[in-house]
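The structure presented is a predicted model; accordingly, all values stated were derived computationally and were not measured.
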Amino acid sequence: MTTHRRKVTDTHEPVVIRRRVEETETDYLLRSPANAKRLREAMAWADSGEGGPRT
């Protein structure tokens, strides 16, 4: 058992676990192939100038 796990088990104190590399929301959204495809299509559409502001 790791030291941190033992500390939590023995003392019941909370432990904060952080990722070494911070992930952006965009990175998270692009993980799903289907979602990545939709986002890239939407970005291409927006960059093409076809779209405009909507109310």
Side-chain angles (χ1 to χ4, degrees):
M1 191 178 290
T2 65
T3 304
H4 295 297
R5 193 181 311 163
R6 182 163 293 151
K7 180 180 178 184
V8 171
T9 304
D10 294 345
T11 65
H12 301 282
E13 289 183 38
V15 172
V16 176
I17 300 172
R18 296 186 181 150
R19 291 178 175 225
R20 289 187 185 136
V21 177
E22 195 167 317
E23 181 178 50
T24 66
E25 187 173 347
T26 303
D27 294 331
Y28 172 77
L29 292 172
L30 291 174
R31 263 198 261 155
S32 159
N35 205 30
K37 181 179 183 237
R38 284 192 296 270
L39 287 170
R40 288 193 177 102
E41 288 172 352
M43 289 168 53
W45 178 78
D47 289 341
S48 72
E50 291 180 40
R54 295 184 181 191
T55 58

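One hydrophobic cluster holds both Tyr28 and Leu30 under the rule that ILVMFWY side chains link at heavy-atom gaps under 4.5 Å.
In this structure, OG1 on Thr26 lies 12.0 Å from CZ on Arg31, to the nearest 0.5 angstrom.
For the residue pair Leu39 and Leu29, the shortest heavy atom distance occurs at CD1-CB, 3.7 Å.
The local environment of CD in Glu41 is crowded, with over 12 non-hydrogen atoms from other residues, nucleotides or ligands closer than 6.0 Å.
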